[in-house]
Amino acid sequence: MSKYLIAGNWKMNTNLDEAKIITDGLHSFINYDSEVEMLICPPYTHLGFLSEIVDLSRISLGAQNVHYEESGAFTGEISNDMLLSVGCEYVIIGHSERRTLFCETDVNINKKVVNSLKAGLRVILCIGETLEERESGLTNSVLKEQLNIGLAGVVDTINLKIAYEPIWAIGTGRTASTDQITETHGFIAEFLKNRFGANTIKILYGGSMNSDNAKEILSILNVNGGLIGGASLKSESFLAIYNSALELC
Ligand code: PGA
């Protein structure tokens, strides 16, 4: 099992040419090490193409969302089976942008988590609080509710990862402090231990992680990787974050 997972969430960015520029940059890197797993999550439209040209032995491919039904009249949606059929190994579920902009609820997110795990995908379940919730002292109760509902019915955790992404740190250039990350990741690790017994589930941090702050964040107890948005859109900055993880191995 790798020590860290460094995951890039490209969101709704890049056309195919731009995607290829990023992956060409990633391929030029020679220090890949199995201690640090690299994952990129491009838009759906790129997955089939990228699975043909990306060296999947070094870079894993993931999607940013999925629908929980297997197939049927769900215009515009994508199923687990479709993702698997284009070489996708991971799926991000419950990103805060999905929750806030597309009204995804914990109950819907839970259906996705359960069905994607059943289908054999690796799941990154995202959780996180708003600034208002943090300032009102509600962080732990919000996270607990997201975890309780989001993980209902989950038994086998071998393919499960959690990403803690404080909403106020996403795309804002503002990261949570070392103390905040230590405390919150500790809380999540404790929750997972109580819920599943011995806890080997990776907990990623996400929210304005970049090449300058990655090493410090990744060295915090119970931080097992990063979910990176903006800084994953340039191979140089993404590889610098990857290297920070490598240096800590
Ligand atoms: P950011 O995004 O790194 O641009 O803050 C992280 C995310 O939303 O996953």
Side-chain angles (χ1 to χ4, degrees), residues 4-14 18-19 22 25-26 36-44 46-47 59-66 88-104 109 112-113 116 121-131 133-134 139 142-143 146-147 150 160-178 180-181 184-185 188 202-218 220 223-245:
Y4 288 107
L5 172 62
I6 300 299
N9 174 11
W10 293 8
K11 308 192 181 183
M12 197 174 77
N13 293 298
T14 71
E18 291 160 343
I22 300 175
L26 298 180
V36 184
E37 183 178 357
M38 182 184 291
L39 165 68
I40 54 172
C41 301
Y44 285 140
H46 304 1
L47 288 168
I59 305 171
S60 306
L61 264 190
Q64 300 169 18
N65 184 27
V66 68
C88 200
E89 229 185 308
Y90 277 87
V91 61
I92 298 172
I93 294 179
H95 190 280
S96 64
E97 286 149 17
R98 302 285 330 159
R99 292 174 186 262
T100 52
L101 302 174
F102 302 98
C103 307
E104 290 201 13
I109 288 164
K112 296 182 182 199
V113 170
S116 292
L121 280 159
R122 297 180 183 190
V123 166
I124 300 176
L125 169 63
C126 299
I127 57 172
E129 80 288 358
T130 63
L131 188 57
E133 287 163 343
R134 177 159 283 274
T139 301
V142 167
L143 299 181
Q146 290 173 343
L147 288 168
L160 177 69
K161 329 272 168 201
I162 304 294
Y164 168 58
E165 300 204 299
I167 296 173
W168 46 274
I170 295 178
T172 58
R174 177 176 172 192
T175 48
S177 69
T178 301
Q180 287 170 328
I181 298 174
T184 310
H185 276 240
I188 296 167
K202 279 194 172 60
I203 307 170
L204 317 183
Y205 170 81
S208 299
M209 195 187 266
N210 58 40
S211 46
D212 293 331
N213 60 28
K215 196 164 179 189
E216 189 182 338
I217 294 173
L218 292 168
I220 298 172
V223 175
N224 315 114
L227 183 54
I228 298 121
S232 71
L233 293 171
K234 292 244 171 336
S235 58
E236 299 80 5
S237 45
F238 193 55
L239 288 171
I241 296 171
Y242 183 91
N243 260 324
S244 302

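One is the number of the first residue; the rest follow in order along the sequence. In this text, all values refer to a predicted model and were calculated from it rather than measured experimentally. Both ligands and their constituent atoms are indexed starting at 1 by order of listing.
Heavy atoms of Ile170 found under 4.0 angstrom from ligand 1 belong to the backbone as well as the side chain.
Nearest protein heavy-atom contact of atom 3 (O) of ligand 1 is Gly229 N, 2.8 Å. What sits closest to atom 4 (O) of ligand 1 on the protein, heavy atoms only, is Gly230 N, 2.9 Å.
In this structure, Ile40 and Ile22 have side chains that are not in contact, with every pair of non-hydrogen atoms separated by 4.5 Å or more.
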task: Output, in order, the C-alpha distance, side-chain angles, deciding distance and verdict of side-chain contact (heavy atoms from CB on, under 4.5 Å) for Ile170 and Glu97.
output: CA-CA 9 Å; Ile170 295 178; Glu97 286 149 17; 3.6 Å; yes

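Near Asn9, meaning under 4.0 Å from any of its heavy atoms, are these atoms of ligand 1: 9 (O). Residue Gly171 has at least one heavy-atom neighbour below 4.0 Å for each of these atoms of ligand 1: 1 (P), 4 (O), 5 (O). Heavy-atom proximity to Gly207, at under 4.0 Å, picks out these atoms of ligand 1: 5 (O). Those atoms of ligand 1 that come under 4.0 Å of a heavy atom in Glu165, given as number and element, are 6 (C), 7 (C), 8 (O), 9 (O). Below 4.0 Å from some heavy atom of His95 lie the following atoms of ligand 1, by number and element: 7 (C), 8 (O), 9 (O).
Proximity of a side-chain donor or acceptor of Arg122 to a complementary backbone N or O of Glu89 within less than 3.5 Å is not detected. With Tyr90 contributing its side chain and Ser60 its backbone, the two residues share no donor-acceptor pair below 3.5 Å. Using a distance-only test at 3.5 Å, with no hydrogens or angles considered, a donor-acceptor pair links the side chain of Ser232 to the main chain of Gly229. Side chain of Thr175 to backbone of Ser208: no donor-acceptor contact under 3.5 angstrom is found.
Where the criterion is an N or O separation shorter than 3.5 Å, residue side chain and backbone included, Lys11 meets it with respect to ligand 1.
Residue contact annotation: Ser208 has a non-hydrogen atom under 4.0 Å from ligand 1.
Ring geometry for His185 against Tyr164 counts as perpendicular: the plane angle is over 60°, on a 0 to 90° scale with 30° as the lower cut.
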